[in-house]
Protein chains: 2
Amino acid sequence: MKPASRKTEIITTASRLFKEKGYNAVSMRDIAQAMGIKASSLYNHISGKQEILSTLILTVAREFTNGMEQVVSSKGTSVEKIEKIIEFHIDITVTYSEALPALNNDWMHLKEDDLQQFVNMRDDYEQNVRIVIKEGIKANEIEARHPEVILFSILSTLRTLYLWYEKRGKLDVNVLKRDMVSVLLQGIV
Amino acid sequence: MKPASRKTEIITTASRLFKEKGYNAVSMRDIAQAMGIKASSLYNHISGKQEILSTLILTVAREFTNGMEQVVSSKGTSVEKIEKIIEFHIDITVTYSEALPALNNDWMHLKEDDLQQFVNMRDDYEQNVRIVIKEGIKANEIEARHPEVILFSILSTLRTLYLWYEKRGKLDVNVLKRDMVSVLLQGIV
DNA sequence: GTCTATAGGATGATAGAC
DNA sequence: GTCTATCATCCTATAGAC
């Protein structure tokens with residue numbers, strides 16, 4: 001356990017509060033109080049509330065982008081690529097579960113450059129999954145249903161996984177990966 | 001086109017703004033300005049900001065509860081019941097697409113009684129889907145995978161459908177129902 | 001039904017002492 | 001690195017004129 005820097009401590013405290021009430025309902029005073037200091041002291045470590053949000057969101061967004069780049073440049077069938085996407089998505093969810101609510105619900109409160117960066121990364125991510133699905137359909141690995149519905153179903157499930165992971169007493173990650181791949185690829189009937 | 005009451009107009013204007021920025025980032029001044037009046041005028045039609053949120057959320061939550069009650073009391077196999085759930089979920093999404101962001105992201109800002117009512121309805125809803133899935137597994141209609149993963153996958157997809165329905169140029173509802181049932185039940189490979 | 005004026009409090013952020 | 005004190009602004013909501 002290396003001692004977390006004060007800045008890191010602010011970010012993690014804030015992410016816990018954002019998770020419960022959302023970015024706009026959490027004040028600098030709330031964050032400071034949760035750390036046992038005064039709001040003005042926070043400004044010795046960060047430039048403002050915006051920096052907390054953008055650090056939180058962009059750090060995780062870059063993880064997703066990295067994971068996707070590895071999958072895209074890997075060899076294998078389209079189905080294998082989707083399996084890899086599901087798996088690294090679960091890994092990131094487990095590692096950054098506290099930050100994901102902000103990424104899903106508070107990204108619109110980013111300003112200018114940060115907002116643009118995030119939206120670009122998110123669009124690229126989605127587009128990469130779309131390409132994998134379409135290649136899979138072309139190669140007859142994936143059923144030729146509406147590709148957007150398949151894309152939407154997979155991404156919706158993965159993006160809100162953090163809501164369930166915590167609630168269900170932190171399921172075993174490998175069991176979760178196996179069941180998730182199975183449910184999303186083979187369906188339930 | 002019957003002329004919407006002023007109160008209804010407030011609710012729909014607010015839901016549009018909540019959708020873009022979230023409950024806490026929208027002020028009474030914002031809502032009033034979008035209607036071309038002053039914030040103080042709003043209070044002649046509603047008791048406060050909280051009433052807007054609770055009307056918005058509880059109206060839709062009751063629709064989901066009604067839909068679920070009809071499915072639960074209907075005859076048919078478990079798979080048929082899941083199909084019905086998917087279908088009425090899509091119907092509600094199409095009808096109330098402006099209100100769903102608040103239901104998904106701002107319910108925690110409800111107060112006391114309203115919050116309790118909402119959480120109860122939401123838990124009951126989830127529990128009813130869970131029962132249908134477990135009955136389906138017992139009857140060998142549904143594969144005996146982790147029931148919670150199946151539950152989570154279906155509900156995640158349905159609950160965030162509003163995000164996609166608008167973006168994709170409002171897909172035809174019947175095509176959407178058919179493809180969604182197919183993807184969620186039979187999978188993609 | 002809408003307005004102006006305003007109360008009463010919370011908010012993000014800064015200055016300067018220790 | 002934290003504090004107190006404070007600023008300027010925004011917020012929800014009310015009172016009362018028209």
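The chains referred to below are lettered A, B, ... by the order of the sequence lines, with proteins before strands, and numbering in each begins at 1.
Using a 4.0 Å cut-off between charged nitrogen and carboxylate oxygen, B/Glu135 and B/Lys138 do not count as a salt-bridge pair.
Scanning residues 7-14 of chain B for heavy-atom distances under 4.0 Å to DNA chain D yields an empty list.
As rounded to whole Å, 14 Å separates atom C1' of D/dT14 from atom CD1 of B/Ile46. Between the CG atom of A/Asp30 and the C1' atom of C/dA10 there is a distance of 10 Å, rounded to whole Å. In this structure, CD of B/Gln33 is placed 11 Å from P of D/dC11, rounded to the nearest angstrom. One interatomic measurement links the two molecules: CD1 of B/Ile37 to C1' of C/dG1, which rounds to 9 Å at whole-angstrom precision. A straight line from CG of B/Leu53 to C1' of D/dA13 spans 17 Å, rounded to a whole angstrom.
Pairs passing the salt bridge (charged side-chain N to carboxylate O under 4.0 Å, His left out) check and including a residue from residues 60-73 of chain B, sequence neighbours excluded, do not occur. Each ring-ring contact (aromatic ring centres under 6.0 Å, His included) pair with one or both residues in residues 159-189 of chain A, not counting sequence neighbours, appears once here: A/Trp164-B/Phe152.
Using a 4.5 Å cut-off on side-chain heavy atoms (C-beta onward), B/Glu9 and B/Met35 make contact. Using a 4.5 Å heavy-atom threshold, the side chains of B/Arg130 and B/Glu126 count as touching.
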(message) Base contacts versus sugar-phosphate-only contacts with protein, heavy atoms under 4.0 Å: please encode nucleotides 12-18 of chain C as B, S and - from 5' to 3'.
(response) BBBB---

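The heavy-atom pair separating B/Lys19 from B/Pro101 by the smallest distance is CG-CG, 3.5 Å.
Between C/dC3 and B/Ser41, a contact under 4.0 Å exists linking OP1 or OP2 to a side-chain N or O.
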Please output the side-chain donor-acceptor pairs of residues 52-59 of chain A that fall under 3.5 Å, not counting sequence neighbours, one pair per line with the distance.
residue, atom, partner, partner atom, Å
A/Ser54, OG, A/Gln50, O, 3.3
A/Ser54, OG, A/Glu51, O, 3.4
A/Ser54, OG, A/Asp114, OD2, 3.4
A/Thr55, OG1, A/Glu51, O, 2.7
A/Thr59, OG1, A/Thr55, O, 2.6

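The side-chain contact (heavy atoms from CB on, under 4.5 Å) search around A/Asp123 returns A/Val119, not counting sequence neighbours.
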